[in-house]
Amino acid sequence: MPDNAPKRILVVDDTLEIVTFYQAVLERKGFQVDMTLRGQDCLDYLEHTVPDLIILDLAMPDMDGLTVCEKIRVNERTKRIPILAITAFNDAVHREQLLKRGANATMGKPIDIYDLIDRVKTMSSSTV
């Protein structure tokens with residue numbers, strides 16, 4: 001991918017309003033944003049596309065974010081994609097569990113949108 005190409009971000013959350021909001025905000029900042037609403041849809045997406053960053057909600061009905069994280073990490077093609085895990089459970093115990101199971105960073109809900117933008121900029125710049 002050329003250096004001047006927009007960074008591709010995959011947003012995974014089962015709430016359409018949330019992914020649509022993240023998409024609007026991040027696209028205004030110059031990112032290309034794809035979205036899926038289920039954990040399995042995320043894994044299917046990753047079979048043909050490798051984004052620069054995944055923003056992954058943990059509480060999803062079909063497959064929780066921890067399971068999705070683990071599946072991404074055991075796949076040779078996707079294991080180096082940075083993952084920003086978003087969770088309502090943002091205490092130290094949950095953060096540690098997320099990091100052990102494959103997330104590179106965590107953010108608690110409610111999201112500070114400026115913090116999200118800063119993290120996306122930083123994390124999407126790392127090598128995939």
Side-chain angles (χ1 to χ4, degrees):
M1 177 181 299
D3 286 341
N4 61 348
K7 298 291 184 178
R8 182 185 296 263
I9 310 301
L10 174 62
V11 178
V12 185
D13 193 301
D14 62 316
T15 305
L16 181 60
E17 294 80 8
I18 290 174
V19 291
T20 303
F21 175 68
Y22 289 172
Q23 181 180 34
V25 168
L26 294 171
E27 284 181 349
R28 274 187 260 146
K29 294 297 180 181
F31 295 99
Q32 179 179 338
V33 180
D34 297 324
M35 57 184 169
T36 64
L37 299 172
R38 298 176 341 115
Q40 186 58 54
D41 292 342
C42 168
L43 299 175
D44 294 344
Y45 168 97
L46 293 172
E47 289 180 14
H48 58 82
T49 305
V50 177
D52 296 292
L53 172 67
I54 298 170
I55 298 173
L56 178 62
D57 182 46
L58 294 187
M60 294 184 291
D62 72 316
M63 181 185 309
D64 67 71
L66 288 173
T67 303
V68 173
C69 221
E70 289 175 334
K71 290 179 180 278
I72 290 169
R73 292 298 178 233
V74 298
N75 182 322
E76 189 63 35
R77 185 168 184 261
T78 60
K79 69 181 183 181
R80 290 188 250 336
I81 301 169
I83 299 172
L84 174 58
I86 306 292
T87 179
F89 303 103
N90 198 33
D91 58 86
V93 172
H94 283 95
R95 284 193 306 267
E96 182 178 332
Q97 184 180 22
L98 288 167
L99 297 172
K100 283 183 179 177
R101 292 183 65 186
N104 297 86
T106 66
M107 287 186 75
K109 291 181 178 180
I111 295 294
D112 177 310
I113 198 64
Y114 298 106
D115 188 24
L116 176 68
I117 292 166
D118 288 343
R119 293 224 193 168
V120 168
K121 285 178 182 177
T122 301
M123 292 179 72
S124 66
S125 296
S126 58
T127 304
V128 175

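Basis for what follows: all heavy atoms, side chains included, without hydrogens, waters or symmetry-related copies.
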Minimal non-hydrogen separation, Ile81 against Leu46, with atom names: CD1-CD2, 3.9 Å
ILVMFWY cluster, Val11 and Leu16 together (side-chain gap under 4.5 Å): yes
For Asp44, salt bridge (Lys or Arg N to Asp or Glu O under 4.0 Å) partners two or more places apart: none
Connected-component partners of Leu98 among ILVMFWY, side-chain separation under 4.5 Å: Leu58, Leu66
Pairs meeting criterion ring pair (Phe, Tyr, Trp, His ring centres under 6.0 Å) with involvement of residues 56-82, two or more places apart: none
Spatial distance of atom CG (Leu53) from atom NZ (Lys121) [nearest 0.5 Å]: 13.5 Å
Heavy-atom pair of closest approach, residues Leu26 and Ile55: CD1-CD1, 3.9 Å
Taking distance alone, no hydrogens or angles, what donor-acceptor pairs closer than 3.5 Å link side-chain atoms of residues 101-108 to residues at least two apart or in another chain?
| unit_1 | atom_1 | unit_2 | atom_2 | d |
| --- | --- | --- | --- | --- |
| Arg101 | NE | Glu70 | OE2 | 2.6 |
| Arg101 | NH2 | Glu70 | OE1 | 3.3 |
| Arg101 | NH2 | Glu70 | OE2 | 3.2 |
| Asn104 | OD1 | Arg73 | NH2 | 2.7 |
| Asn104 | OD1 | Ile83 | N | 2.8 |

Polar side-chain atom of Asp52 near backbone of Ile9 as donor-acceptor pair, under 3.5 Å: no
For Thr49, side chain to side chain donor-acceptor pair (under 3.5 Å) partners two or more places apart: none
Partners meeting side chain to side chain contact (heavy atoms under 4.5 Å, CB included) with Glu96 (sequence neighbours left out): Lys100
Pairs touching residues 21-40 that satisfy ring pair (Phe, Tyr, Trp, His ring centres under 6.0 Å), sequence neighbours left out: none
Least distance between heavy atoms, Asp57 atom then Met60 atom: O-CE, 3.4 Å
Leu10 vs Leu56, side-chain contact (heavy atoms from CB on, under 4.5 Å): CA-CA, chis, key distance, verdict: CA-CA 8 Å; Leu10 174 62; Leu56 178 62; over 6 Å; no
Minimal non-hydrogen separation, Lys109 against Ile86, with atom names: CE-CG2, 3.6 Å
Gln23 side, atom CD; Ile18 side, atom CD1 - distance, nearest 0.5 Å: 14.0 Å
Test salt bridge (Lys or Arg N to Asp or Glu O under 4.0 Å) applied to Lys29 - qualifying residues, sequence neighbours left out: none
Interatomic spacing from SG in Cys42 to CG in Asp34 - rounded to 0.5 Å: 11.0 Å
Kindly list each side-chain donor-acceptor pair under 3.5 angstrom involving residues 110-118, sequence neighbours excluded, with atom names and distances?
| unit_1 | atom_1 | unit_2 | atom_2 | d |
| --- | --- | --- | --- | --- |
| Asp112 | OD1 | Tyr114 | N | 2.9 |
| Asp112 | OD1 | Asp115 | N | 3.0 |

For the student: nearest non-hydrogen atoms of Gln32 and Pro6, plus distance: N-CB, 4.1 Å
Test salt bridge (Lys or Arg N to Asp or Glu O under 4.0 Å) applied to Asp14 - qualifying residues, sequence neighbours left out: none
Heavy-atom check, side chain of Arg28 versus side chain of Val25, under 4.5 Å: yes
For Glu17, side chain to side chain donor-acceptor pair (under 3.5 Å) partners two or more places apart: none
Shared hydrophobic cluster for Met123 and Leu99 (ILVMFWY, side-chain gaps under 4.5 Å): no
Any Val12 side-chain heavy atom under 4.5 Å of Val68 side chain: no
From Thr78 atom OG1 to Ile72 atom CD1, the distance as rounded to the nearest 0.5 Å: 6.0 Å
Minimum heavy-atom distance between Gly39 and Asp62, given as atom pair plus value: N-OD1, 3.0 Å
Qualifying ring pair (Phe, Tyr, Trp, His ring centres under 6.0 Å) pairs, either residue in residues 46-79, two or more places apart: Tyr45-His48
